[in-house]
Protein chains: 2
Amino acid sequence: MTVSRAANRPESVSVETRGKIFDAMESLGYKPNALARSMRRRSTHQIGYLTADLTITPNAIMAQSAGQTFAEAGYRQIIAISNGQLELEHKFLEQFQSGIVDGMIPMISDESSQKTVDLLQNCGVPIVAIDRDLPFTVDAVLSDHRAPMIKAVKYLHDIGHRDIALLCSPQTMRPGRIRSAAFVEAAQQLGHTDPEARVFSMPQRPEEAFAATQFLLSRADRPTALIAAANQLTFGVLQAIQSLGMSIPCDVSVIGADDTIVSPLFRPALTMISRDLVEIGKAAAGLLIERLRQPETAVGRILMLGSDVVLRDSCSSPQKKK
Amino acid sequence: MTVSRAANRPESVSVETRGKIFDAMESLGYKPNALARSMRRRSTHQIGYLTADLTITPNAIMAQSAGQTFAEAGYRQIIAISNGQLELEHKFLEQFQSGIVDGMIPMISDESSQKTVDLLQNCGVPIVAIDRDLPFTVDAVLSDHRAPMIKAVKYLHDIGHRDIALLCSPQTMRPGRIRSAAFVEAAQQLGHTDPEARVFSMPQRPEEAFAATQFLLSRADRPTALIAAANQLTFGVLQAIQSLGMSIPCDVSVIGADDTIVSPLFRPALTMISRDLVEIGKAAAGLLIERLRQPETAVGRILMLGSDVVLRDSCSSPQKKK
DNA sequence: TTGTACGCGTTATCAA
DNA sequence: TTGATAACGCGTACAA
């Protein structure tokens with residue numbers, strides 16, 4: 001009908017007819033069916049966003065920021081939560097392949113899964129990676145995890161620490177890999193003993209960090225400082241230190257990661273590795289929107305965003321052990 | 001084609017043909033188009049979830065829990081973030097009306113907006129409200145905010161407080177209304193002076209609570225205890241108290257709301273009004289799924305879930321003022 | 001057990 | 001400027 005024209009290019013319909021059409025749409029409560037429209041246009045204006053866990057505030061910040069950017073550009077965001085489970089992740093990625101999304105931002109939880117990689121590579125829509133290394137050319141927004149980790153280690157070294165432990169997310173994801181490599185590199189350069197043995201990778205859950213910290217701090221040769229290189233690990237470390245009746249920074253210095261509103265509210269206020277999470281989400285969404293508008297752009301654009309260490313009160317010189 | 005049959009009711013296709021079809025699907029990488037299927041079936045298996053802000057952890061917990069329940073039942077969740085802006089909210093609700101969702105969970109941010117109410121009432125799909133009162137019959141999952149508020153006020157009264165202030169979310173939403181009413185009721189019954197004058201409603205942002213707390217605690221006749229009846233308000237209260245160089249609970253007692261993993265990590269550990277947010281999300285999704293499966297069920301099912309006060313260390317008897 | 005025809009609600013194309 | 005027709009890819013109904 002002429003209705004379609006009126007809705008999409010009003011200027012191509014006579015004022016008179018247009019008026020009648022709008023009146024009728026109003027009185028009938030007519031809404032164009034988005035499905036039929038998408039089918040015809042071969043575009044749903046939906047974006048798939050896969051993440052492990054939205055209750056991890058930094059993840060929520062990135063997702064929300066991306067979602068806002070998409071909304072402003074006329075796209076809807078579908079958030080799929082994998083809970084870190086590989087099978088769920090595959091299920092969602094397969095769903096995204098059935099034509100319901102125009103693009104994807106997949107924050108996968110295991111870069112080493114061949115099936116995940118295959119699903120992404122053959123998904124048929126543009127994707128933008130956030131902080132993930134994929135074995136094929138993609139657009140990506142990456143955080144510089146190396147510089148702040150080196151800075152953190154140096155800072156602890158400068159105030160006297162020689163025995164620092166790192167708790168970080170799994171080696172199957174970029175942040176864990178880069179952060180642990182940078183940690184080892186920096187500690188070695190500063191002459192610390194066997195830093196590799198002081199790296200502990202674990203899923204990003206407080207319980208994991210709780211157990212690891214209890215174990216580490218119960219030993220006679222316990223480290224004098226802990227770096228918790230993920231948001232939820234930071235909470236687990238704090239829990240464990242409190243459960244042991246130890247205090248920060250007297251008994252142990254702590255540096256956390258992924259600063260949010262609560263970090264400065266802890267006593268002592270937490271020194272954190274911090275990055276602009278809103279900017280990351282926005283940048284990723286921006287890259288994807290650009291590509292959807294100009295599909296010819298060469299794939300492989302990489303945006304590297306900086307991050308830094310915010311000094312507060314959770315680190316001090318190590319005390320002599322009793 | 002016979003392909004459709006093979007995909008949907010494999011038993012109605014001969015084993016031989018079925019095999020050929022599956023082989024072909026495999027080798028061609030064929031995926032049924034979800035759009036066409038939805039159009040034909042008149043159901044997208046998508047659910048719209050509207051919320052104000054996912055970076056508020058309690059909101060994220062509810063949304064995630066609902067999303068998981070939906071995923072298990074074969075539904076996809078579309079999360080729309082309104083940022084508390086009425087226009088955005090309307091925009092999203094209108095989008096949801098164009099046939100892209102089979103149902104909705106709209107956590108609207110202003111129950112008094114006639115336009116919002118109209119959009120919900122005429123949206124054409126089942127909805128389930130979470131903690132919102134709507135002026136028409138709907139299925140809803142509600143929290144009991146009255147009992148825990150009364151308990152909190154009594155608790156503070158029992159340890160000696162006679163001047164308690166309440167910071168709560170706006171009166172245009174159920175939690176703010178119920179909590180402030182319960183607060184006034186309890187304080188009056190206990191003989192406190194003019195409790196209405198001690199209720200402060202504000203948008204759920206830390207800055208708002210920060211300003212209000214600074215104002216309240218700078219006065220000579222400052223309250224001896226604060227109840228922050230929303231997650232982000234709690235953080236603002238803590239910021240303000242720290243900025244004033246006061247300490248909890250010596251200078252002022254504090255009760256927060258919507259317990260999350262961080263509450264016990266603060267020093268002192270925070271006494272909180274707490275509810276099972278996972279259960280809320282799950283219950284809401286469950287109600288909606290039930291209705292989608294059995295559309296004939298009478299509308300107006302109400303699930304009232306309890307909540308409680310978790311006592312920790314942020315309250316003590318008020319000190320004599322200097 | 002398998003194939004054919006049609007319709008879901010749009011929009012693109014072409015003709016009037 | 002407007003109307004008619006076909007097509008998007010699937011599922012239903014019916015025929016073969």
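Quick caveat: nothing in here was measured; it's all calculated off a predicted structure. Letters go in sequence order (proteins before strands), and every chain restarts at 1.
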Atom CZ of R5(B) and atom C1' of dC14(D): how far apart are they, to the nearest Å? 11 Å

When rounded to whole Å, the CD to C1' distance for the pair E16(B) and dT1(C) reads 11 Å

Protein-nucleotide distance (Y30(A), atom OH; dG9(C), atom C1'), rounded to Å: 7 Å

Counting side-chain heavy atoms from CB outward, which of dG11(D), dG9(C), dT1(D) is closest to M39(B)? dG9(C)

Please report, rounded to the nearest Å, how far the C1' atom of dT13(C) is from the CZ atom of R9(A). 12 Å

Nearest whole angstrom, please: distance from the C1' of dT10(C) to the CG of L35(A). 10 Å

Between N33(B) and dC8(D), does any side-chain N or O lie under 4.0 Å from OP1 or OP2? no

Polar contact flag, side-chain donor to acceptor under 3.5 angstrom, E89(B)-S109(B): yes

R42(A) CZ to dA12(C) P, straight-line distance once rounded to whole Å: 12 Å

Against the side chain of A36(B), the closest entry in dG9(D), dT11(C), dT10(C) is dG9(D)

More than 12 heavy atoms of other groups within 6.0 Å of E16(A) CD: no

Atom CD of E11(A) to atom P of dT2(D): distance rounded to whole Å? 12 Å

Distance-only polar pair, side chains of Q204(B) and N231(B), donor-acceptor under 3.5 Å: no

Exercise: do Q171(B) and S201(B) side chains pair donor with acceptor under 3.5 Å: yes

Any side-chain donor-acceptor pair under 3.5 Å between R205(A) and Q232(A)? no

In this structure, how many angstroms lie between the P atom of dT10(C) and the CZ atom of R41(A), rounded? 11 Å

Pair of N/O donor and acceptor under 3.5 Å linking dT10(C) base with R40(A) side chain: no

Using heavy-atom distances to pick each residue's nearest nucleotide on DNA chain C, tell me which of V13(B) and R37(A) is more 5'. V13(B)

OP1 or OP2 of dT2(D) less than 4.0 angstrom from a side-chain nitrogen or oxygen of S14(A), does that happen here? yes

